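Below: one structure, written as structure tokens.
Being a predicted model, the structure only gives us computed values, none of them experimental. In what follows, every chain begins at residue 1, and chains take the letters A, B, ... in the order their sequences are listed.
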2 protein chains.
Amino acid sequence: MRVLIVEDERRLAEALGQIMAEQRYQTDVVYDGADGLDYALTGQYDVIVLDVMLPKLDGFEVASRLRHAHVSTPILMLTARDEMPDKIAGLDHGADDYMTKPFDIGELLARVRALTRRQGEVIGEQLVAGDLILELSTRCLRRGDKSVRLGFKEFDVLRQLMVHPRAVVPKEDIIARVWGLDSEAEDNNVEVYISFLRKKLTFLESNVSIGTVRKVGYYLEVPAS
Amino acid sequence: MRVLIVEDERRLAEALGQIMAEQRYQTDVVYDGADGLDYALTGQYDVIVLDVMLPKLDGFEVASRLRHAHVSTPILMLTARDEMPDKIAGLDHGADDYMTKPFDIGELLARVRALTRRQGEVIGEQLVAGDLILELSTRCLRRGDKSVRLGFKEFDVLRQLMVHPRAVVPKEDIIARVWGLDSEAEDNNVEVYISFLRKKLTFLESNVSIGTVRKVGYYLEVPAS
DNA sequence: CCTCCACAATCAAAACTCTCATAGGTAAGA
DNA sequence: TCTTACCTATGAGAGTTTTGATTGTGGAGG
């Protein structure tokens, strides 16, 4: 497993590198966004730990450019503690997960493991789960030869589910990530969009469906592969 | 957000509980280490505020045992004085953060926020007893390839039993933990849910069953392993 | 060994809650 | 103006919880 760590705080970066090395990861550590992008563009890594605040190029920019270059390596983004909007921005730029500093090293390792074993693969600019393909650039959802266009909200909601297929995503999380952390959107909004999405899944005759966990949230039901 | 407060100084404990309740936390307050451990073992909390000096079991012991039982709820430990050894000991025993008394309530709230913010999605946390697997995220109960959905109450009741397999859980405890400490639920409610659960255990053809101790409560009967 | 009683288990209906799906309304952009 | 995307309201329906009545059972005392 190869990991790229892009973090300008040297002490933190070195510590991370060492700890991950102890966990049998092969690590490369760089200290600015430009280097980070160069290294990452090689596509040789299994996961990238990417700070947001970086010299030369910030983390969002790095993530965006990577995705643009069809590099699909999973990205775990590190955001500064009080910058909540960063989380949303991070996901929008193509990050797969985020953590706020200060973080627990054990949790970081757990999330890295989660990213490397994840089933929803980002291939080029698309997310895949089961027989579904979500094209990130056009916001089109395809299955076989059929395809439908998704609205922004539909797209964002579905993406949340597709990033971790089978994992239950709480409604409140969906609201936080799609509508914003301090939004007043209600559960009903999510329900409405889930309903729209289900209709489209049915239309596409996909083998994946959206499951409900009462009083909690939703998950993607993907047939055993 | 659910918070467990374990603190033997009643006045402080109550005050904390009230303040956190005002901050929209759902709080449970207990006054000794043994209760603290029992409550915490349910894994239902998002953070635990844990005093070190406690009757029955001290805070270190509680933290150790929790980690041993693979309960990963973040722990904020309260140490009596500015005793350096305590801090180290606390972190060694599995605490995630510590504060020394007397502390500023605002700082405590800030630290609790920090701890809860790093909560990742819990993927695949489960309770096991005999051939039964209780999936915490989906509230599904599995045995072999069969699986059933549990309602909220069913789930909560069963979880109480599964935390300590073979241990007798008094009905009043079940009521306190599932319906709330000051609820008006009657014994019959518990009996009804036990009945529901037994039906589902039968359906699953599990080797685990629910035993009755007359006038006291219930326990999980798990075949000798 | 039998009887009785208190407690436990079960059942079914009522009360309640949450989810789903649809329709109507609003705002922004073509 | 027309279209598109989004939000809100609503009611039907499904699922959950409570309630009260009825039936079953273990064990103490006769």
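The backbone N or O of Asn207(A) sits nowhere less than 3.5 Å from a side-chain atom of Arg143(A) that would complete a donor-acceptor pair. Asp28(B) places no side-chain N or O within 3.5 Å of a backbone atom of Leu4(B) that could act as its donor or acceptor partner. A distance-only check finds no donor-acceptor pair linking the side chain of Glu135(B) to the backbone of Ser137(B) [under 3.5 Å]. The backbone N or O of Leu54(A) sits nowhere less than 3.5 Å from a side-chain atom of Asp51(A) that would complete a donor-acceptor pair.
Within 4.0 Å of Phe152(A), counting heavy atoms only, lie sugar-phosphate atoms of the nucleic acid but no base atom. Within 4.0 Å of Phe155(B), counting heavy atoms only, lies no atom of the nucleic acid at all. In this structure, Asn188(B) reaches the bases: a heavy-atom distance under 4.0 Å links it to at least one base atom across the strands shown.
Under 4.0 angstrom from either OP1 or OP2 of dC20(C) there lies at least one side-chain N or O belonging to Thr212(A). The side chain of Tyr193(B) places no N or O atom within less than 4.0 Å of a non-bridging phosphate oxygen (OP1 or OP2) of dA9(C). A sub-4.0 Å separation between OP1 or OP2 of dT8(D) and a side-chain N or O of Asn189(A) is present. For Trp179(B), a side-chain nitrogen or oxygen approaches OP1 or OP2 of dT18(D) to under 4.0 Å. For Lys199(B), no side-chain nitrogen or oxygen approaches OP1 or OP2 of dA9(C) to under 4.0 Å. A close approach under 4.0 Å does not occur between any side-chain nitrogen or oxygen of Lys215(A) and OP1 or OP2 of dT16(D). OP1 or OP2 of dT16(D) has not a single side-chain nitrogen or oxygen of Arg214(A) nearer than 4.0 Å. At the phosphate of dA9(C), OP1 or OP2 sits under 4.0 Å from a side-chain N or O atom of Tyr218(B).
Taking atom CD of residue Glu191(A) and atom P of nucleotide dA21(C), one finds them 11 Å apart after rounding to whole Å. For Glu186(B) and dT10(C), the CD to P distance is 19 Å, given to the nearest whole Å. When rounded to the nearest whole Å, the span between CD1 of Ile174(B) and P of dT17(D) equals 15 Å. Look at CD1 on Ile194(A): it is 11 Å from P on dA21(C), rounded to the nearest Å. If you take CD1 of Ile175(B) and P of dA8(C), they are 11 Å apart, rounded to a whole angstrom. Whole-Å rounding puts the Leu197(A) CG to dA21(C) P distance at 12 Å. Atom pair Leu158(B):CG and dT17(D):P shows a separation of 13 Å (rounding to whole Å applied). Taking atom CG of Asp187(A) as the reference point, atom C1' of dA9(D) lies 15 Å away to the nearest angstrom.
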* Would Glu191(B) and Asn188(B) count as a side chain to side chain donor-acceptor pair (under 3.5 Å) if you check the C-alpha gap in whole Å, the side-chain angles of each, and the deciding distance to 0.1 Å? -> CA-CA 5 Å; Glu191(B) 286 154 12; Asn188(B) 183 237; 3.3 Å; yes
